[in-house]
Number of protein chains: 2
Amino acid sequence: MKKKKPTIKDIAREAGVSTSTVSRVINNNYPVHDATRRKVEEVISKRRFQPNYFARGMISNKTRTVGVLVPSLINVFFPVVVTSIENYLKSHGFTLFLCDTEASEKEERAYIHRLIEKNVEGIICLDPSTPNILSGFYEKMSGETPLVLVNAYNEGVKCNFVLNNQKRGTMEALEYLAGLGHTNIALLRGSKSYSSALKEEYYLSFMGKKSFPIREENIITIPSGNDLETVQHSMKKVHERLLEPHPPTAILACNDWMAVGARNAVKKLHKTVPCHLSLIGFDNTIIAELCEPKLSSVTLNMEDLGRVASELLLEIIEKPSFVPQRRYLPTSLVHRESCAPLKE
Amino acid sequence: MKKKKPTIKDIAREAGVSTSTVSRVINNNYPVHDATRRKVEEVISKRRFQPNYFARGMISNKTRTVGVLVPSLINVFFPVVVTSIENYLKSHGFTLFLCDTEASEKEERAYIHRLIEKNVEGIICLDPSTPNILSGFYEKMSGETPLVLVNAYNEGVKCNFVLNNQKRGTMEALEYLAGLGHTNIALLRGSKSYSSALKEEYYLSFMGKKSFPIREENIITIPSGNDLETVQHSMKKVHERLLEPHPPTAILACNDWMAVGARNAVKKLHKTVPCHLSLIGFDNTIIAELCEPKLSSVTLNMEDLGRVASELLLEIIEKPSFVPQRRYLPTSLVHRESCAPLKE
DNA sequence: CTGAAAGCGCTAACAG
DNA sequence: CTGTTAGCGCTTTCAG
């Protein structure tokens, strides 16, 4: 025998006022006599009354709710960004739907539909899949619901973006290696990753500008990924490369997991980082700190990424007529212990 | 000039039927003529009609929504559990609110209220704070909303729990160390952690049973935590301990971060794990795999934890009369490279 | 099989 | 300052 939840009507009756007065007390948006107010509040707390979410929503059409899509939470990177988003949004009264798309384009779309159906006031999508961007899917839906895309393919797309200026960090890392005397530098990248493609472009342009020898074998490609498996792949490929002629004396890895794999490869040859090979990772995750030796890594400023994405989203929510824009965040090299001057 | 979203009324008018018929088509719960149905469906998809979430909720009172509370996402542990929950719940049509309490009791309560206000159908709380349990807060609210508490203090509390049988794993780890000849074993624990307290209890009982010397200094206590800071604290304290008389030859750490700190301490003394000290971590996070040497660690079967918690929650949601119950998950030692026989 | 009509619980004019 | 009332968009009897 469960007691039915009290409604505003019950409260009104018990307090001897009309429902509108109760409503006014709840919302505190119109003048109410102090005595009346007190009386109503008393009944409210006595009956543990909570206004019905749906009835309110029906009128305000507000959910104070935001959806966040991530390709994965098991990679030390996104949890930091999500936390940053969560904390920011929380302080603005929003609660967050977490959606793990498992990097599937289909899941991505399915989740977006679910979120819209649930009347979220906005959506942030981390690393959205390129096909969904190219197909116009996001462009279309961003007309219906405030949307921010983070670190995504963005050429000619009319959506709001927050992007890392990958170029700056990549160049800084490469310059640094060059400054240490390295000319035979390899790039370790993921096969189908947009950001890896970007980095390769910068790498090539850098090597060209410096007139360093560009060797095809020095672009080491492994399956895209951000987990333990990536470490394995990377270790295998780097190990092979190190056994070939003209082994690189320095490697720039497109994420920290790859860098760890590279370190393992070096170790397998009974050599060490940074004595025999200088190594720089990307993303500056905790892995870089945990690694032995500690890994120099290009930071993406993940907290900022989350914060800026949240800020942008809130702006769009406030002002839906917002003109799509791109916000760029800097990247820069964090120095640790994995690089050393080239030995003659 | 934004076109207003179409309502069921618009669809009805355009399809030349009544709103009830449209409703029946949408819900597919009453017979409708095939021709009529087709006509209605056509209009629906043409107008891209989506039934109003609130209006529906007002009647069904269902949100297909679940809240998950975590003390943190930046610790390699909870993301795995959350992912497991998310994946399970997703397949049952639920979407998940993620709430980062930052391990604050107050935030915990605030979030719970927010979630209830949003009409979630259930709540899973990972590592809830003990005070909130002891105060009866959770016991009371679990009467109103289906609730599952994971890895929490649970004596005499009438809530649904999913718990790791910490004893089994702890004992297995200690037995293993003893089998390698270690008798001077230290425990590295967090100061205010419930699970650390549990482990200390088992540790003491084990040492007693084996008649191994119990040294007060061998219970090394550092501030509770699950992050980089924990590594620092742990390294410092272990380093100190290693310099005292009768340094331990093996350490059981209450989580993997602590274990890494211990390894660093050993390294700082120009010694190595496992040659000079055997080391076992707890939680079996990726850190254990990433660590050099790879860390033997007691696994909490995090995926199972998430799955079982979700299963339990769904059962309660289906059958609210459910009698509060406790589900225990086993823990066991995962062997890697951080332990070795005691040298004479 | 289909339509009319009565709400669900709340807010927001509008009238006092 | 307060009460009356008309919906918000949908589902669900109840009659046909």
Side-chain angles (χ1 to χ4, degrees), chain A residues 2-45 47-65 116-121 144, chain B residues 2-45 47-65 116-121 144:
Chain A
K2 200 180 271 168
K3 241 194 299 192
K4 258 197 62 183
K5 274 197 186 163
T7 75
I8 202 174
K9 240 178 178 163
D10 302 317
I11 304 302
R13 190 178 329 107
E14 189 162 341
V17 298
S18 74
T19 59
S20 7
T21 300
V22 177
S23 169
R24 291 195 263 259
V25 170
I26 296 169
N27 296 295
N28 198 27
N29 53 356
Y30 287 94
V32 175
H33 236 275
D34 250 20
T36 324
R37 170 183 303 277
R38 260 196 303 280
K39 177 68 192 153
V40 172
E41 277 169 347
E42 188 191 307
V43 179
I44 286 182
S45 74
R47 290 275 165 268
R48 314 180 86 248
F49 165 76
Q50 274 199 314
N52 182 294
Y53 177 65
F54 297 112
R56 296 188 115 183
M58 206 147 162
I59 287 148
S60 69
N61 234 311
K62 289 213 172 328
T63 51
R64 301 277 92 183
T65 267
I116 292 181
E117 186 182 292
K118 292 211 182 318
N119 272 47
V120 294
E121 296 188 29
E144 303 183 9
Chain B
K2 200 179 267 166
K3 241 193 301 189
K4 260 197 59 181
K5 273 194 185 164
T7 74
I8 201 174
K9 238 174 176 167
D10 303 319
I11 305 302
R13 188 177 334 107
E14 189 162 343
V17 298
S18 72
T19 59
S20 6
T21 301
V22 177
S23 169
R24 292 196 262 260
V25 170
I26 296 169
N27 297 295
N28 198 26
N29 52 357
Y30 288 94
V32 173
H33 237 279
D34 251 19
T36 322
R37 170 182 304 277
R38 259 197 303 282
K39 176 68 191 151
V40 172
E41 277 168 346
E42 188 190 308
V43 178
I44 285 182
S45 74
R47 289 276 165 265
R48 313 180 85 249
F49 166 76
Q50 274 198 314
N52 182 293
Y53 177 64
F54 297 112
R56 294 189 117 180
M58 206 147 159
I59 288 147
S60 70
N61 235 310
K62 288 213 175 326
T63 51
R64 303 275 89 185
T65 265
I116 292 180
E117 186 183 293
K118 292 210 181 319
N119 272 46
V120 294
E121 296 188 30
E144 303 182 10

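Proteins come first, then strands; the chains are lettered A, B, ... in the order of their sequence lines, and each starts at number 1.
The distance from atom NZ of B:Lys62 to atom P of C:dC8 is 18 Å, rounded to the nearest whole Å. Taking atom CZ of A:Arg24 as the reference point, atom P of D:dG3 lies 8 Å away to the nearest angstrom. When rounded to the nearest whole Å, the span between CD1 of B:Ile26 and C1' of D:dG9 equals 10 Å. B:His33 has its NE2 atom 11 Å from the P atom of C:dG3, to the nearest Å. In this entry the distance linking CZ of B:Phe54 with P of C:dG7 reads 24 Å, nearest Å. Taking atom CG of A:Asn119 as the reference point, atom C1' of D:dC8 lies 13 Å away to the nearest angstrom. Whole-Å rounding puts the B:Lys39 NZ to C:dT2 P distance at 14 Å. In this structure, the CE atom of B:Met58 is 13 Å from the C1' atom of C:dA6, given to the nearest Å.
At a threshold of 4.0 Å, the pair A:Glu144-B:Arg48 counts as salt-bridged, since one of the basic side-chain nitrogens sits closer than that to a carboxylate oxygen.
Note that the two end axes of the helix from C:dC1-D:dG16 to C:dG16-D:dC1 enclose an angle of 40°, each drawn from 5 base pairs, rounded to 10 degrees.
Side-chain atoms of B:Asn27 never come within 3.5 Å of backbone atoms of B:Arg24 as a donor-acceptor pair (strictly under, hydrogens ignored). No donor-acceptor distance shorter than 3.5 angstrom exists from the side chain of B:Asn61 to the backbone of B:Gly57, with no hydrogens or angles considered. Without hydrogens or angle criteria, B:Glu117 side chain to A:Tyr53 main chain gives no donor-acceptor distance under 3.5 Å.
Among the protein residues, B:Tyr53 comes within range of no part of the nucleic acid, since none of its heavy atoms lies under 4.0 Å from any strand. Across all strands shown, B:Ser20 has heavy atoms under 4.0 Å from base atoms, whether or not it also approaches the sugar-phosphate. Looking at heavy-atom distances under 4.0 Å, A:Asn27 makes contact with sugar-phosphate atoms alone, never a base. B:Val17 comes within contact range of the sugar-phosphate backbone alone, with a heavy-atom separation under 4.0 Å but no base atom that close.
Comparing B:Val22 and A:Ile59 by the nucleotide of DNA chain D whose heavy atom lies nearest to each, the residue mapping closer to the 5' end is A:Ile59. Where A:Arg56 and B:Tyr30 meet DNA chain C, the nucleotide closest to each residue was compared, and B:Tyr30 sits on the side nearer the 5' end.
Applying the 4.0 Å criterion to OP1 and OP2 of C:dT2, one finds that B:Thr36 has a side-chain N or O inside that range. Side-chain N/O atoms of B:Thr21 include one lying less than 4.0 angstrom from OP1 or OP2 on C:dG3. Residue A:Asn29 places at least one side-chain N or O under 4.0 Å from the OP1 or OP2 atom of C:dA12. Contact check, B:Ser18 against C:dT2: no side-chain N or O comes under 4.0 Å of OP1 or OP2. Neither OP1 nor OP2 of C:dC8 sits under 4.0 Å from any side-chain N or O of A:Asn52.
Rounding to the nearest 0.5 Å places CZ of A:Arg38 at 10.5 Å from NE2 of A:His33. How far NZ of B:Lys39 is from CD1 of B:Ile44: 11.5 Å, rounded to the nearest 0.5 Å.
Inter-residue side-chain proximity for B:Arg37 and B:Asn28 is flagged as met; some heavy-atom pair is nearer than 4.5 Å.
Of the listed residues (B:Ile11, B:Thr36, B:Ile8, B:Ile26), just one forms a side chain to side chain contact (heavy atoms under 4.5 Å, CB included) with B:Thr21, and that residue is B:Thr36.
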